[in-house]
*Asks:* 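I have a structure I would like to understand better, so I am pasting it below and will then ask my questions one at a time.
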Amino acid sequence: MATTFVDRVVLHVAAGNGGHGVASVRREKFKPLGGPDGGNGGRGGSVILRVDPQSTTLLDYHRSPHRRAENGKPGAGDERNGADGGDLVLPVPEGTVVKDADGTVLADLVGLGTEHVVARGGRGGLGNKALASPRRKAPGFALLGEPGEARDVVLELKTLADVALIGFPSAGKSSLVSVLSAAKPKIADYPFTTLVPNLGVVTAGTVRFTIADVPGLIPGAHEGRGLGLEFLRHVERCSVLAHVIDCATLERGRDPLTDLEVIERELSLYVPDAGLGGRPLTERTRVIVLNKADVPEARELAELVQPDLEAQGYEVFVVSAVAHTGLKELTFALARLVEQARAELPELTPQRVVLRPKAVDDTGFEVRKERGPDGEFFRVVGERPTRWVQQTDFANDEAVGYLADRLARLGVEDELYRAGAVPSDTVVIGATDDAVVFDWEPTLQSGAELLGARGTDLRLQDSGRLTRGERREAMKDRYAARAATQAELEAERESGLWHLADEPDDA
């Protein structure tokens, strides 16, 4: 069964969520409160696109456009961390261009094994063991796993070839590919026989190059008429364009000069993808191939228009794919042009990695005053505040208090004051629709703080047991204090301030 060719798909990808951390306390015999021992959650799996030589089409993603990576596993007690979720590696053909929903180029996947992470997995949440500190010895909460990225990307396959055969439908392009290389494209006598690009490898002396037979072109192709953009997309990467002109056509209004003019106009109106550094198609090297010279009338017409085409600066070749005439000259000419195009390519240099650290005074967030259907509110936008909110279990009061402490240390409350916020104002953390909304109450404390700092447990504090030397010193202090008290009482008695009951009264 023939394989369906698909060269453009919209892929819906979702990375795995991070596993939740766990709040646990070690319990052993004779040691009922051994401290926190909750493990961390595992990282969620990422979605990765990788160039695979065995992949030639995007058909699998056309049939199954929704792909999701594995979630990270949650942590457990006894300091056991959850397992990381497995990455989802999606094989794509070489020459695949990745774009976002707005058309911005994210990656151009060229080269065996080239990878691009389209959706990054979420971080795992910390368990209460990792959240413990000298000031917070017994956290009664853990952090939730961070959600993985979810996005829609557009995959476009642009054929990698040195030479592209372009022309009207049924001009004989597929026949030329079949005789110039070992490719076996479908050949028939009706228009649009070629619906997918056909690649072939051609050898001319010591030069090897690839040649592509792409679907036929008709007027209005740059606007999507016919196969339109599907055709022109596969021409973008080719350095040499060969106009294949049918000199034996019987259609009214068709002749070699008119066909060339129509094709050149479509090439000039097509705008290559600037994000890939593509040059306009009219700046590529072009040659003219007058085909079907095995028909006597066609050969006469080809010899008639050849001088006019050469006067326009084109190299012209009169060939016949059926009779195999003129093919050798065409092959070596294309090899020569391909070598020239390769020599003009800029020398590839390793990409320099540029590190751009954040400024010292960069808070990492901003507070904006916005207006919504219910009135004005304040929005806090930043990577860290948004991530902290996503990792907070709002059913746990201690976790909410921990979030408040982090936001206060980051300076969110100070910025809200500067922006004009007052208690009970609406504050939104996050830039998306699933942001967290709450009424702002600055430095709000609950009754739990009266029992000690958040995350502490008096039962886990040091008992304060004295050493033997400290007990000896304390005993000496008590003896000295008692002796001093007895001496003071004796002095008072001798001075007559008081006397014992059995002592005679001098009065």
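A quick note: this is a predicted structure, and the numbers were derived from the prediction, not measured.
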*Asks:* Checking Thr392 against Leu144 for the side-chain contact (heavy atoms from CB on, under 4.5 Å) test, could you report, in this order, the C-alpha distance in whole Å, the side-chain angles of both residues, the deciding distance, and whether it holds?
*Replies:* CA-CA 6 Å; Thr392 300; Leu144 304 179; over 6 Å; no

*Asks:* Hey, is Arg120 close enough to Glu149 for a salt bridge, meaning N to O under 4.0 Å?
*Replies:*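 Looking at Arg120 and Glu149, the cut-off is not met.
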
*Asks:* At what distance, to the nearest 0.5 angstrom, does CG of Leu90 lie from CZ of Arg67?
*Replies:*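 Output value for this atom pair is 6.0 Å.
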
*Asks:* Would you check if the side chain of Thr96 reaches a backbone N or O of Val92 as a donor-acceptor pair within less than 3.5 Å?
*Replies:*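 Side chain of Thr96 to backbone of Val92: no pair is present.
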
*Asks:* What are the two closest heavy atoms between Pro385 and Leu407, and how far apart are they?
*Replies:*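 Scanning both residues completely, I find the closest heavy atoms to be CB-CD2, 4.2 Å.
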
*Asks:* Between Glu415 and Arg418, does any NZ, NE, NH1 or NH2 come within less than 4.0 Å of an OD or OE carboxylate oxygen?
*Replies:*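 Result for this pair is yes, salt bridge flagged.
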
*Asks:* Could you work out, with salt bridge (Lys or Arg N to Asp or Glu O under 4.0 Å) as the rule, every residue matching Arg286, not counting sequence neighbours?
*Replies:*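 Salt bridge (Lys or Arg N to Asp or Glu O under 4.0 Å) check on Arg286 returns Glu264.
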
*Asks:* Any donor-acceptor pair under 3.5 Å linking the side-chain atoms of Ser424 with those of Asp439?
*Replies:*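 Short answer, no.
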
*Asks:* Where is the tightest heavy-atom contact between Phe377 and Gly372, given as atom of each residue plus distance?
*Replies:*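 Minimum heavy-atom contact is CE2-N, 3.7 Å.
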
*Asks:* Is there a side-chain contact between Val400 and Asn396 in this structure, where contact means two heavy atoms from C-beta onward sitting under 4.5 Å apart?
*Replies:*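 Not in contact.
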
*Asks:* Show your working on side-chain contact (heavy atoms from CB on, under 4.5 Å) between Thr386 and Phe365 and close with a plain yes or no.
*Replies:* CA-CA 9 Å; Thr386 303; Phe365 71 95; over 6 Å; no

*Asks:* Quick one: does Arg68's side chain get under 4.5 Å of Asn17's, heavy atoms only?
*Replies:*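 Yes, side chains in contact.
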
*Asks:* Are the side chain of Asp162 and the backbone N or O of Phe209 linked by a donor-acceptor pair below 3.5 Å?
*Replies:*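 Side chain of Asp162 to backbone of Phe209: no pair is present.
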
*Asks:* Run Glu366 and Arg368 through salt bridge (Lys or Arg N to Asp or Glu O under 4.0 Å) and show every step you take.
*Replies:* CA-CA 7 Å; Glu366 64 173 336; Arg368 299 197 298 253; 3.0 Å; yes

*Asks:* Report yes if some heavy atom in the side chain of Ile429 is under 4.5 Å from a heavy atom in the side chain of Phe438; otherwise report no.
*Replies:*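 Answer yes - side chains close enough.
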
*Asks:* So, Ser64 side chain and Tyr61 main chain: donor-acceptor pair closer than 3.5 Å or not?
*Replies:*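 No, because the side chain of Ser64 does not come within donor-acceptor range (under 3.5 Å) of the backbone of Tyr61.
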
*Asks:* Using a 3.5 Å cut-off and no angle test, enumerate the donor-acceptor pairs between side-chain atoms of residues 81-89 and protein atoms at least two apart in sequence or in another chain.
*Replies:*
residue : atom : partner : partner atom : Å
Asn81   : OD1  : Asn40   : N            : 2.8
Asp84   : OD1  : Arg43   : N            : 2.8
Asp87   : OD1  : Ser46   : N            : 2.8

*Asks:* Tell me whether Arg472 is salt-bridged to Glu470, with the criterion being a basic N under 4.0 Å from an acidic carboxylate O.
*Replies:*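 Here Arg472 does not pair with Glu470 in a salt bridge, since their nearest N and O are not under 4.0 Å apart.
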
*Asks:* With side-chain contact (heavy atoms from CB on, under 4.5 Å) as the criterion, how do Leu165 and Ile211 come out once you've worked through the C-alpha distance, each side chain's angles and the decisive distance to 0.1 Å?
*Replies:* CA-CA 7 Å; Leu165 302 181; Ile211 188 169; 3.8 Å; yes

*Asks:* Could you point out which residue of Val118, Leu106, Val105 forms a side-chain contact (heavy atoms from CB on, under 4.5 Å) with Asp100?
*Replies:*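 The side-chain contact (heavy atoms from CB on, under 4.5 Å) with Asp100 is passed solely by Leu106 among Val118, Leu106, Val105.
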
*Asks:* Does any part of the side chain of Trp388, heavy atoms only, come nearer than 4.5 Å to the side chain of Leu143, both counted from C-beta?
*Replies:*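 Not in contact.
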
*Asks:* What's the shortest heavy-atom distance between Asn128 and Phe141, and which atoms?
*Replies:*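 That closest heavy-atom pairing would be CB-O, 3.3 Å.
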
*Asks:* His20 side chain to Gly145 main-chain N or O, any donor-acceptor pair under 3.5 Å?
*Replies:*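 At least one qualifying donor-acceptor pair exists.
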
*Asks:* With side chains defined as the heavy atoms from C-beta onward, is the minimum distance between Leu11 and Asp152 less than 4.5 Å?
*Replies:*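 Counting from C-beta outward, Leu11 and Asp152 never come under 4.5 Å.
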
*Asks:* Which heavy atom of Ala419 sits nearest a heavy atom of Phe378, and at what distance?
*Replies:*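 For Ala419 and Phe378, the tightest heavy-atom pair comes out as O-CE2, 3.4 Å.
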
*Asks:* To the nearest 0.5 Å, tell me how far Ser239 OG sits from Leu337 CG.
*Replies:*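 The distance works out to 8.5 Å.
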
*Asks:* Roughly how far, to the nearest 0.5 Å, is CG of Leu416 from NZ of Lys369?
*Replies:*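 These two atoms lie 11.5 Å from each other.
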
*Asks:* Do you know the tightest heavy-atom contact between Glu370 and Arg379?
*Replies:*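 Nearest pair, atom of Glu370 first, then Arg379: OE1-NE, 3.1 Å.
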
*Asks:* Taking the side chain from Arg208 and the backbone from Val202, do they hold a donor-acceptor pair closer than 3.5 Å?
*Replies:*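 Answer holds: no.
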
*Asks:* With a 4.5 Å heavy-atom cut-off, do Leu241 and Thr285 have their side chains touching?
*Replies:*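 Heavy-atom side-chain distance check fails, nothing below 4.5 Å.
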
*Asks:* So how far is it from Thr203 OG1 to Leu180 CG, rounded to the nearest 0.5 Å?
*Replies:*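 Between atom OG1 of Thr203 and atom CG of Leu180 there are 11.0 Å.
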
*Asks:* Quick check: do Gln390 and Pro147 have side-chain heavy atoms less than 4.5 Å from each other?
*Replies:*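 Gln390 vs Pro147: side chains touch.
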
*Asks:* Could you walk me through whether Val244 and Leu176 pass the side-chain contact (heavy atoms from CB on, under 4.5 Å) check?
*Replies:* CA-CA 9 Å; Val244 180; Leu176 277 177; 3.9 Å; yes

*Asks:* Salt bridge (Lys or Arg N to Asp or Glu O under 4.0 Å) with Arg50: which residues, sequence neighbours excluded?
*Replies:*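 Salt bridge (Lys or Arg N to Asp or Glu O under 4.0 Å) list for Arg50, sorted by chain: Glu115.
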
*Asks:* Does Asp393 reach the main-chain N or O of Ala395 with its side chain, forming a donor-acceptor pair under 3.5 Å?
*Replies:*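 Between the backbone of Ala395 and the side chain of Asp393 there is a qualifying donor-acceptor contact (under 3.5 Å).
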
*Asks:* Would you call Arg26-Glu79 a salt bridge at under 4.0 Å N-O?
*Replies:*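 Glu79 and Arg26: salt-bridged.
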
*Asks:* To the nearest 0.5 Å, tell me how far Arg284 CZ sits from Cys238 SG.
*Replies:*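 Going from the CZ atom of Arg284 to the SG atom of Cys238 covers 8.0 Å.
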
*Asks:* Hey, what's the ring geometry for His12 with His66, parallel, tilted or perpendicular (30° and 60° as the breaks)?
*Replies:*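 The rings of His12 and His66 lie parallel, inter-plane angle below 30°.
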
*Asks:* What is the distance from atom CG of Leu58 to atom CZ of Arg63, rounded to the nearest 0.5 Å?
*Replies:*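 If we round to the nearest 0.5 Å, Leu58:CG and Arg63:CZ are 12.5 Å apart.
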
*Asks:* When you compare the side chain of Ile48 with that of His116, does any pair of heavy atoms fall below 4.5 Å?
*Replies:*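 Contact flag for His116/Ile48 side chains = no.
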
*Asks:* Is there a donor-acceptor pair closer than 3.5 Å between any side-chain N or O of Glu94 and the backbone N or O of Gly111?
*Replies:*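 Answer holds: yes.
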
*Asks:* Spell out, as yes or no, whether a donor-acceptor pair under 3.5 Å connects the side chain of Arg342 to the backbone of Glu339.
*Replies:*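 Checked: no pair found.
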
*Asks:* Please give me the minimum heavy-atom distance between Gly167 and Ile263, naming the atom from each residue.
*Replies:*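 For Gly167 and Ile263, the tightest heavy-atom pair comes out as CA-CD1, 3.5 Å.
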
